[in-house]
Amino acid sequence: MTTEHDEELELPEQMRIRHDKRDKLAEQGREPYPVALPITATIAAVRAQFPDLEIDVQTGVSVGIAGRVIFVRNTGKLCFATLRSGDGTEIQAMLSLAKVGEEALEDWKALVDLGDHVFVSGEVITSKRGELSVLADSWAMAAKSLRPLPVSHKPMNDDSRIRQRYLDLIMRPEARQMAQTRVKAVGQIRQSLNDRGYLEIETPMLQTMHGGATARPFITSSNAFDLELYLRIAPELFLKRAVVGGMERVYEINRNFRNEGSDSTHSPEFAMLEFYQAYADYREMAKITREIIQEAAVAVFGSPLVTHMDGTQHDLSGEWREVSLYGSLSEAVGEDITPQTPRARLVELANAVDIAVAPNWVEGKIVEELFEHYVISTFDGQPTFVMDFPVDTSPLTRDHRTEAGKVEKWDLYINGYEQATGYSELVDPVIQRERLMAQAALGARGDDEAMKLDEDFLRALEHGMPPSGGVGIGVDRLLMTLTGLGIRETILFPLVKPERA
RNA sequence: GGGAUGCUAGCUCAAUGGUAGAGCUGCGGACUUUUAAUCCGUAGGUUCGGGGUUCGAGCCCCCGGCGUCCCA
């Protein structure tokens, strides 16, 4: 039988010591986790109030502040500590024998570790080196940390940073900045859409039928309803129902779930913005998309000039280039590729560049793969709208108004990544039914990514959906574009496998 | 899915198949102006898990776990 005491003995030495200090705090009448502290100011407020003090100044102003101890420099009769608040602002605490007395100073030295949250009450001064400081009259533990922090001057390894993001946030300003950048960008997206008369709505994450994209879903079930449920792969079909209902400008920013692998650009759960506007077409939606992304960049950087942490810059200002999918591919291949190009020729072209064509690939899928192989690298990172996709890969998109075999769909590429997609939405319920029937046939042939026939969605369309444009923007991808970081950095807590299986 | 590569002290990393080490952190001591403080002393290990080869395995082999990079 293992007692609690034995378990403590098995802890690493440094944790045992911190547990002991936690116990000692209580013995000395110092609560290790007090419920409240007489805080009078934030660290940021103190810094703001005294921005430019000379060296060795006494302000006569007394404050009570709290923060996490990130440096300690204990000497015999005068101790220094740097306290940092969650926003990253720092201030020095000084504890002198003369001010706090021998007992409080000895307690400080014996019981305070790097990583503890402490409270310090005293006068705002500057030290003889000019550092803005609070010269303590008293101190209190705000929250004892039982685990040592990583060393501050060596980078943590990526795995630990992601698994223990709280440590990353404590240790690395860039991690805090990333989290704030995301808040700024997403906040601006909402603002941009609200300003254009859009309503933000919430549609189901648990769905009885998944649709709106081609992807494998996560499957779960309801005990109460004895029902198989799917985590949504897209909100599209519900947002369109809202448009049918008369909500003519709607958007949603929320998580989608796709039961697929992850890499530097894919996460099983990812944030998606979708927005729909009645009486707009895909060109109008492209313009709004560009404006939203530019406005997000301005919100983060103050201008459409995006600057990554490594110093590389991308100019997102102005109009963005448009290329035609078939046209740019034809140019790259050196022969005319159209929706009428025979499948056999497409397969030859694909095989010539080592694209393995699966038997169930439709012609449009081969064209898109050829496009990705030949053309995307020529964009040179520049924001580019790729216009007019094959009809057979876009079952929810309206036929092109003049080009046979194509639909009014664009993909937006920035930095070589697919960033957004926009449609003139298919609103003809008869054609939509035919398209979804064709998808169901693919599904019956074993394509487990094919769309299902959603009768209620079709019923909604049969009530009449106004001509509409729709867009999906990957929020995590947008953050990647703005920061130059991988998707697992733009997501605060990405999915990681358990450490022990 | 294929290939390469990594996992060692709290953190970052060393270690021809032959006594597992360093820096920082920690602990003890000195220091009333420090900024990754300095100086003296000292502790800290199930080398990811399991099996195998060997007189002997952190290292070699096999199986598994978790990462990273490249390719598809």
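Side chains are part of it too, since the values below use all heavy atoms of this structure and drop only hydrogens, waters and symmetry mates. Below, chain A is the first sequence line, B the second, and so on; all start at residue 1.
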Using only side-chain N and O atoms of [X], determine if any of them is under 4.0 Å from OP1 or OP2 of [N].
X	N	answer
Lys128(A)	U33(B)	no
Asn157(A)	U12(B)	yes
Arg73(A)	C31(B)	no

Throw together a table of side-chain donor-acceptor distances under 3.5 angstrom for residues 86-105 of chain A, partners on residues two or more places apart or in other chains.
from, atom 1, to, atom 2, distance (Å)
Asp87(A), OD1, Ser85(A), OG, 2.6
Asp87(A), OD1, Thr89(A), N, 2.9
Asp87(A), OD1, Thr89(A), OG1, 2.6
Thr89(A), OG1, Ser85(A), OG, 2.9
Glu90(A), OE2, Arg84(A), NH1, 3.1
Gln92(A), OE1, Arg73(A), NH2, 3.1
Gln92(A), NE2, Ser133(A), OG, 3.0
Ser96(A), OG, Lys99(A), N, 3.1

(request) Classify the angle between the aromatic ring planes of His314(A) and His308(A) as parallel (below 30°), tilted (30 to 60°) or perpendicular (above 60°). (result)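 Geometry flag for His308(A) against His314(A): tilted rings.
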(request) For the pair Phe371(A) and Phe379(A), name the ring-plane relationship: parallel under 30°, tilted 30 to 60°, perpendicular over 60°. (result)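 Rings of Phe371(A) and Phe379(A): tilted, as their planes differ by 30° to 60°.
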(message) In whole Å, measure the gap between the P atoms of G21(B) and G64(B) for me.
(response)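 Looking at atom P only, G21(B) and G64(B) are 34 Å apart.
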(request) Provide the distance between the two P atoms, one in U25(B) and one in U12(B), to the nearest whole Å. (result)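 Each nucleotide's P atom is 15 Å from the other's.
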(request) State, without any angle test, whether Glu489(A) and Thr483(A) hold a side-chain donor-acceptor pair at a distance under 3.5 Å. (result)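 Per modelled atom types, Glu489(A) and Thr483(A) side chains form no pair under 3.5 Å.
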(message) Return a single string for nucleotides 23-29 of chain B, one symbol per nucleotide in 5' to 3' order, where B is base contact, S is sugar-phosphate-only contact and - is none, cutoff 4.0 angstrom on heavy atoms.
(response) -BBSS--
(message) Taking any heavy-atom pair under 4.0 Å as a contact, classify Arg161(A): base, sugar-phosphate, or nothing.
(response)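 The answer is nothing, as Arg161(A) stays clear of every strand by at least 4.0 Å.
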(message) If you assign each of Glu131(A) and Thr75(A) to its closest nucleotide in RNA chain B, which residue comes earlier from the 5' end?
(response)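 Nearer the 5' end of the strand: Thr75(A).
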(request) Give every residue pair that meets the side-chain hydrogen bond (donor to acceptor under 3.5 Å, both in side chains) criterion with at least one member in residues 46-59 of chain A, sequence neighbours excluded. (result)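 As it turns out, there is no side-chain hydrogen bond (donor to acceptor under 3.5 Å, both in side chains) pair with a partner in residues 46-59 of chain A once direct neighbours are skipped.
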